[in-house]
Amino acid sequence: MALKMVKGSIDRMFDKNLQDLVRGIRNHKEDEAKYISQCIDEIKQELKQDNIAVKANAVCKLTYLQMLGYDISWAAFNIIEVMSASKFTFKRIGYLAASQCFHEGTDVIMLTTNQIRKDLSSPSQYDTGVALTGLSCFVTPDLARDLANDIMTLMSHTKPYIRKKAVLIMYKVFLKYPESLRPAFPRLKEKLEDPDPGVQSAAVNVICELARRNPKNYLSLAPLFFKLMTSSTNNWVLIKIIKLFGALTPLEPRLGKKLIEPLTNLIHSHLGSLGARMRLVLPAPRSSGSGCRPGLALCVQAPKPVRALKYLGLLAMSKILRTHPKSVQAHKDLVLQCLDDKDESIRLRALDLLYGMVSKKNLVEIVKKLMSHVDKAEGTTYRDELLTKIIDICSQCNYQHITNFQWYISVLVELTRLEGTRHGHLIAAQMLDVAIRVKAIRKFAVSQMSALLDSAHLVASSTQRNGICEVLYAAAWICGEFSEHLQEPHQTLEAMLRPKVTTLPGHIQAVYVQNVVKLYASILQQKEQAAEPEAAQDVTQLMVDRLPQFVQSADLEVQERASCILQLVKHIQKLQAKDVPVAEEVSALFAGELNPVAPKAQKKVPVPEGLDLDAWINEPPSDSESEDEKPKAIFHEEEPRPAKPRQPEADEEELARRREARKQEQANNPFYIKSSPSPQKRYQDMPGVEHIPVVQIDLSVPLKVPGKYLLEKDRKKKKKKDKEKKGKPRRHSSLHTESDEDIAPAQQVDIVTEEMPENALPSDEDDKDPNDPYRALDIDLDKPLADSEKLPVQKHRNTDTSKSPEKEDVPIVEKKVKKPKKKEKKHREKEREKREKGKEQKEVRPRLFPATWGLPLRLPCHVCSSAWLTGPASQATCLLSRPSLCHSLQGTTGRKSLTVNPDLVGLFQKSSKHRKKKHKKEKEERSKDKKKSKKKKPPSDEAAEPVENGALDEDPLPVRGTSLASHGPETYDIQGSLQKDSQVTVSVVLENQSSSFLKSMELNVLDSLNTKLARPEGSSVHDGVPVPFQLPPGISNEAQFVFTIQSIVMAQKLKGTLSFIAKNDEGSTHEKLDFKLHFSCTSYLVTTPCYSDAFAKLLESGDLSMSSIKVDGISMSFQNLLAKICFHHHFSGKRWGVALNACAVGEKSVSVDGKCSDSTLLSNVLEEMRATLAKC
Amino acid sequence: FTLPVDRVGFFGSPSLSTFDISEDTQQQIIRETFHLVSKRDENVCNFLEGGLLIGGSDNKLIYRHYATLYFVFCVDSSESELGILDLIQVFVETLDKCFENVCELDLIFHVDKVHNILAEMVMGGMVLETNMNEIVTQIDAQNKLEKSEAGLAGAPARAVSAVKNMNLPEIPRNINIGDISIKVPNLPSFK
């Protein structure tokens, strides 16, 4: 007592910690629940405090309580609080609690995203590690999407500890967010060759998991794994790889052969340790099949010493069984021995094996053995397992191993003696199936079934043990349906009408009622034929007496059937009293035969030609109509909403006609027959051989043949039909192995195969479960990544700040670019060099790919390969680097020449410091008509001034939009430079081609909403901007004008005038020259070199819209074309990005893909591109 | 792919990772697993075919029995059975190292630490690390970090808990410590 007080006071002084809680719970064994609820109250108090240490302590205790099975989801928010603590100690507690109690449905989980992201990027590797561990337990699709990229980055963390966790968690991410698989896969693949064994094994682990579900996508990795397998010494990795190969070999047979040698080596090298060997052998058989035969024998011997190995040996055998049944069958005795093992797991394994080992010869023996086990078996689960196995074994492959169905029926009947099994319905189903499909057995079956019905034990035990009485369902049905085979129908009838029957479950009673009538009908017929009207009336009387007990049944189905039949029987009684023969009519009720239908039959009914299931039968109501109706429907519920206009009432005649048509159709449709009670009758009406129904196929096929698969049957259906027409049952040649042939069938039995519609496709695609979560991961990994597949990144435009890493390298690249005609080989060599360099200096690598791009048509494949070597980064690089290829095409009238812009080198150097520009190809237009309008002087033919590249050097951000205004004496080249965010500088080169002296030049432009000329302060919009120089004849000079641009997404054309005074010998004239300034979208674009990473991230982020164009009929070489198209990479003026990506498609067409945050801009840019291309 | 881990003693501490299960089902799983495992003979094999309870026939229970403790792992067919047996061995040896001669009480009173160790080995149901030295190194480093964070502030708390332990000598009452020397059977070593 005193002790308790002491403890209590200490408790008050210090919060209980986990140990105290555990101790307390153990001390309160008798009132644990009460104690814990008290503790939870305390914890709630603690959680309210501000001190994070107290909270963490509370959460820690909660975690323990959760383990004991108490719900702690109410504390989810507190857990998150603890997770966000700055100290590792608390963080770890928080994440542990989260991993225990968070699941997909936890709503606060979305609050954790940023916290986790923060922890992932924490400088402490343990913070990151603990976050990864936690995340792996509660990752949701949302979290996966948001964090995929962060985890990707962690995959190349410097610490192997983080790397391996990041790699492993990727699998979870893939599961939840399958879109991430393709972008992440290249990096995952890199990790296979990670220097750290832990990371390597994690990567192998992940890929094996992926490949297990969808092996075919990973075939290309086989060589890599092969190398790993031969070099790795880590057993975990080896096992995984062998398992992986196990999945791959079925898809690629050659692999199996290759594997044999290393595998046998492995097996031998592990000979010393049985355990290790077994581990390796286990998955191997599937992969190398015959190669492991020698190992197999050892497997089987191995089970003796160690239990675990015995189990595994059996497991391995069952795997081999699938491919090499023969080699396993040799060990039948051993397996049968295992059945006697006291270990249930081993027995179950052995049972599995037996399934595959049975043949006609040994079936009876094996089943006998199993039956004896059934009797001995103590646990119900094991006994049930035995029972299902017996049935499985016997019924497998369409009863192909059963030679004697009488024997099988007796086995089934014997099984019904089992009490308390859950599998009564299985036995019942087997009985029905056999009785229906094996005609010859019916007589025997019926006699057995009537015995079953007679025997009281089933009915007696039915109330307690509901499992086995299912058999009665089958028994009653068989006796009723095949009542003509009954020896003593009267006795059976009485058995079925016993009062005890009413204790059976409703659905069985219903079957009883129905089949009583069948039985009755056949008795009636017998009696009438025997001319014993008295006896017939007795039977009727019996029915009338006994049926009311069913009418009172609580089960609706039973009640309905019973009352209906009771009336029928009463009516018959009346007729009998008048001595009217009724037997014919009564038995006509049940004429015809029921045939088994394959489960898939309905699905396989081919859609008749011309039938469109999606088409409306009637015109759908117009929208307005239904809208009008809707409110109505709310208030007048009794009015059905006219989704379809009501059918006009068909008159009698119409109905009759339709009925006739339907009959006709049904008769023509062989599949309909199954549900119709008396098919024969209808056939009689139907002339013509083509109407011979499939249902009627009853070939007297000897027993050897029955092992026919359904699909096979489909193929043979036509044949069968022919045979039937000829009326000559023909024997099929046996499909079985010689060993089976010497067994004479006990009786001639034919097995009617299940019905399948004609034309049914032998496809099994319906076996796939559409809900399989792994299907989402069935992704082709060898396709190059599309831009749209990049991982989403949450980023704020940090691309602008990126710097180009290695100045020195850039010029080299550029030089290469300048000589695109160099041999490809050289390029590739250099590229390789570059790549190697890139490895040393991570950042550099991406930038070096432009070399590749100098090659004309090889590009696509080249890009693919390189992209896959380095992953998304390099893909991004290719895009990125293309701008550096920008050649400026300086065209003049009638002449196009390709010149490499000598300026690029300089530009790139600069670009390493600032973001830089790149320009657009210049469009030189000459508006000759305008010149003509001037007519003063003939249009000059001189080439346009090449762009002054020097100017670019001085100006860090020039965009050169060229447009042109040409006036007789002058050539105006207009270069737009983007200087500030929203300003464009237009440089106009004015050349005086006349002999006049030009002065007082003023340029004025009609401002548009979007584009305005920047004028000196104080001047109005109508004032021109003076040109600050004069032009003597033959002299050119450049003037710059600044325009303010509001929006860059649209191309602009501005009209402007240049007024000047031309002074010549004859005096001076005031003249005006009109021109148009064309601001194309592309001229706004500025290239910003940025890191490949940043660029990749940008592309990955979902906020870029994408579109592409394709232009056909390009006759130019790609090289020229490439020169002609200048790629615009990044526009920095506003915060928009444009990325363009072009590739040659085929010989004559080019497709250009673009990505941009603004779709209007993108489409305009692409439109301009198209126009340019069209001119080529 | 999943390797939910249950440890079943007379306390169960599942770190089930993939089942979205309620606490009730979780407890039921533990109870049934314990029931299944504990009634098995000492000399039968260490595998149990999965029932519906643990997610279908693809899953197996693989367990090892150490004195009064059962270590049960539930794995699917992608894991090698013997591999998991070794993993359990590694786990126990790691526990042994981290607790310096582990005994049942350690596991009972330091569930959180056990979890942390497990987290270094198995992550999200997948085997993360099988090298014991590596695991121990990481655990030690984390503990060190924890201690440095606690610093002086942690000292009184530790002292108090030590006092508490002394005050309550009846704790180990119903635990038979004698049994708990965990034998480490000689399986062919995995590494």
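Proteins get letters first, then strands, A, B, ... in listed order; numbering begins at 1 in each. Side chains are part of it too, since the values below use all heavy atoms of this structure and drop only hydrogens, waters and symmetry mates.
Annotation: the span from A:D127 atom CG to B:Q142 atom CD amounts to 9.5 Å, rounded to 0.5 Å. One distance of note links CG of B:N143 with CZ of A:R92; it measures 5.5 Å at 0.5 Å rounding.
In this structure, chain A has a heavy atom under 4.5 Å from the side chain of B:E134, while its backbone stays farther away. Both the backbone and the side chain of A:T133 come within less than 4.5 Å of a heavy atom of chain B. In this structure, the portions of A:I169 lying under 4.5 Å from any heavy atom of chain B include both its backbone and its side chain. For chain B, the nearby parts of A:L168 are the backbone and the side chain; heavy atoms of each come within less than 4.5 Å.
With no hydrogens or angles considered, no side-chain donor-acceptor pair links A:Y161 and B:E129 at under 3.5 Å.
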- Query: Given B:H115 and A:Y64, is the side chain to side chain contact (heavy atoms under 4.5 Å, CB included) satisfied, shown in steps?
  - Reply: CA-CA 11 Å; B:H115 269 298; A:Y64 181 75; over 6 Å; no
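With chain B as partner, the option from A:Y126, A:Y95, A:F90 having the largest number of non-hydrogen pairs under 4.5 angstrom is A:Y126.
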